[in-house]
Novice: 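This is the structure, below, for whatever I ask next.
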Amino acid sequence: MHRTLADDLGRLPELLQSARDFAAREVSGLADRPVAHLGKAPGRDPLPAAGTGAEGALDRFAERWAPGFSGSAGPRYLGFVTGGSTPAALTGDWLTSTYDQNVSGGGDSFAAALEHETVGWLRELFGLGEEHSGAFVSGATVSNTVGLAIAREWLGERLGVSVSREGLGALGRVDVLSGSPHSSVTKALSVLGVGRDGLRRVPVLSGNREAVDVERLAEALESLEGRPAIVVANAGTVNTVDFDDLRAVAALKDRYDFWLHVDAAFGGFAALSPAYAHLVDGLDAADSVCVDLHKWLNVPYDAAVQFTRRRDLQVRVFHNASPYLGMPTGDPDFLHLTPENSRRLRALPAWFALTAYGRDGHREIVERNVALAGRLGERVAAEGRLRLLAPVRLNVVCFTLAEDPSQGRVREFARSVAASGEAFVTPTFYGGTHALRAAFSNWRTSEADTDRVFDVLRRHSGN
């Protein structure tokens with residue numbers, strides 16, 4: 001094995017060129033690649049005793065595994081909320097692996113300073129103030145978890161205990177209020193020891209809405225009789241991209257004691273467009289904010305960012321007390337801010353993307369995706385075999401079969417669309433109806449792609 005390593009090191013330029021050529025072919029073929037692969041994966045091979053070297057590994061991957069990878073980075077993968085990798089972000093990601101920086105601290109590299117600069121740019125992009133500090137994490141689930149962990153510590157502060165030292169038992173009951181929380185919020189509450197049942201759902205507005213009824217939220221807070229709570233507001237719900245009235249929710253702080261966490265995983269990008277920025281008016285009033293970057297910033301997985309006003313509480317929760325690491329200072333290292341000690345330089349692809357395309361380039365992606373979602377929504381609404389379930393407020397089209405939208409039929413519809421290789425959409429349940437979602441966030445998606453998606457939906461809706 002040592003011989004293979006030495007041989008690969010000596011041929012590194014050639015090996016990287018081979019990988020570059022292979023990657024370039026894969027990227028250039030995304031538009032024609034099947035969007036999804038539903039076939040059976042290869043069986044598991046035994047662990048090799050003698051290695052083949054990097055060239056042999058690339059050949060084996062290209063033959064055995066690459067053909068079954070989805071076209072999730074391409075223009076017609078509309079499942080979940082999935083971006084792609086812009087050329088600049090992909091370049092930054094390759095260099096992230098090249099430099100292989102562990103961004104736990106800033107004592108031996110510029111890497112931490114680059115992350116701070118990138119976080120500052122993102123803070124500006126989303127309309128947050130200087131009082132919000134942040135850090136990169138792996139995705140919205142961890143971002144929500146970090147925000148709610150800080151909120152949990154804030155609750156302790158309000159009640160005269162330190163949860164990070166004494167444990168959750170010292171805190172007692174925790175009240176978490178939200179209208180249409182994402183599933184990652186309940187997962188975070190489970191991880192944090194609050195429990196999934198700690199979430200108290202507040203009624204939403206009538207009329208096909210997912211936004212919280214602020215008056216009912218006020219009633220729920222009033223019922224707590226002064227006990228501090230956590231409110232999770234939503235800036236872009238997963239089914240219909242509905243937005244809580246963030247300014248009105250924040251105004252309730254004049255009467256009630258609560259921590260305001262805003263899940264703006266992809267809806268936060270509405271801030272980039274003057275036409276839609278009103279949807280996130282009030283985001284700057286949040287105590288903590290979640291934004292996912294491998295969605296609408298179109299950087300590679302995995303990358304998200306978390307923001308908070310209370311970095312002091314964040315350090316109290318996440319600091320790593322060790323002689324070789326040192327205690328956090330006034331400008332704490334990142335290892336004191338998130339669950340991770342060792343951290344990939346996730347900021348570099350985002351830095352490349354923001355430097356390469358700026359605010360205007362990313363605004364164009366957002367506005368084009370929104371327009372394309374509207375285009376698909378109009379065509380779905382006019383197709384007799386399909387039914388649009390909610391207005392297209394931003395970048396998600398929520399729809400179902402016009403006749404007998406049972407779970408079995410809707411899931412078979414989704415499976416047949418995926419099996420075609422033309423498009424991929426994901427199932428959901430909205431307003432008591434089994435449905436599908438088409439989420440637009442890929443920088444490549446065009447009108448022609450949208451028309452191809454609609455054509456395959458129409459063809460398979462009658463099956």
Side-chain angles (χ1 to χ4, degrees), residues 80-81 122-123 125-128 132 140 143-144 147 176-185 199 201-218 220 230-253 258-293 295-297 304-307 362-363 365-367 369-371 373-374 377 388-398 428 430-431 437-441:
F80 310 103
V81 184
L122 292 167
R123 181 178 61 216
L125 198 70
F126 299 121
L128 301 175
H132 284 95
S143 183
N144 279 328
V176 184
L177 310 176
S178 188
S180 301
H182 187 265
S183 59
S184 63
V185 171
L199 179 66
R201 290 181 178 268
V202 180
V204 297
L205 296 173
S206 60
N208 216 16
R209 298 294 303 276
E210 290 185 299
V212 71
D213 185 326
V214 178
E215 290 187 6
R216 300 295 295 275
L217 176 60
I230 301 169
V231 171
V232 178
N234 299 288
T237 56
V238 70
N239 281 329
T240 68
V241 204
D242 210 347
F243 288 76
D244 290 346
D245 186 337
L246 301 180
R247 190 64 71 189
V249 171
L252 294 178
K253 284 192 164 193
F258 64 90
W259 176 278
L260 177 56
H261 175 77
V262 178
D263 183 353
F266 65 96
F269 285 87
L272 276 64
S273 171
Y276 304 104
H278 66 279
L279 296 171
V280 289
D281 180 40
L283 184 64
D284 59 317
D287 297 298
S288 55
V289 178
C290 157
V291 183
D292 214 341
L293 304 178
K295 291 182 167 66
W296 230 344
L297 194 66
V305 68
Q306 58 78 212
F307 297 100
H362 289 94
R363 169 187 168 181
I365 295 170
V366 167
E367 292 182 337
N369 283 164
V370 173
L388 191 66
L389 289 177
V392 180
R393 297 187 178 93
L394 202 67
N395 65 319
V396 172
V397 184
C398 186
T428 190
Y430 172 71
R437 299 168 56 261
F440 288 76
S441 49

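Since this is a predicted model, take the numbers as computed values, not measurements.
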Novice: Glu210 vs Thr237, test: side-chain hydrogen bond (donor to acceptor under 3.5 Å, both in side chains). Steps then yes/no.
Specialist: CA-CA 7 Å; Glu210 290 185 299; Thr237 56; 2.6 Å; yes
Novice: May I ask you to test the Phe269-Val280 pair for a side-chain heavy-atom distance under 4.5 Å?
Specialist: no
Novice: Quick one: does Ser143's side chain have a donor or acceptor within less than 3.5 Å of a partner on Val305's backbone?
Specialist: yes
Novice: Flag the pair Ser180 / Asp242 as yes when at least one side-chain heavy-atom distance between them is below 4.5 Å, and no otherwise.
Specialist: no
Novice: Could you tell me whether the side chain of Arg437 and the main chain of Val238 form a donor-acceptor pair under 3.5 Å?
Specialist: yes
Novice: Okay, side chain of Asp244, backbone of Val212: is any donor-acceptor separation there less than 3.5 Å?
Specialist: yes
Novice: Arg247: which residues meet the salt bridge (charged side-chain N to carboxylate O under 4.0 Å, His left out) condition with it, sequence neighbours left out?
Specialist: Asp281, Asp284
Novice: Among Leu246, Val289, Asp287, exactly one meets side chain to side chain contact (heavy atoms under 4.5 Å, CB included) together with Leu260. Which residue is that?
Specialist: Asp287
Novice: Do Thr240 and Val396 make a side-chain contact, defined as non-hydrogen atoms from C-beta onward lying under 4.5 Å apart?
Specialist: no
Novice: How about Leu272 and Phe126: do any of their side-chain heavy atoms sit closer than 4.5 Å?
Specialist: yes
Novice: Go through the structure and list residues passing salt bridge (charged side-chain N to carboxylate O under 4.0 Å, His left out) with Glu215, not counting sequence neighbours.
Specialist: none
Novice: Any donor-acceptor pair under 3.5 Å linking the side-chain atoms of Asp263 with those of Asn144?
Specialist: yes
Novice: Any chance you could lay out the side-chain hydrogen bond (donor to acceptor under 3.5 Å, both in side chains) test for Asn395 and Trp296, step after step, and finish with the verdict?
Specialist: CA-CA 10 Å; Asn395 65 319; Trp296 230 344; over 6 Å; no
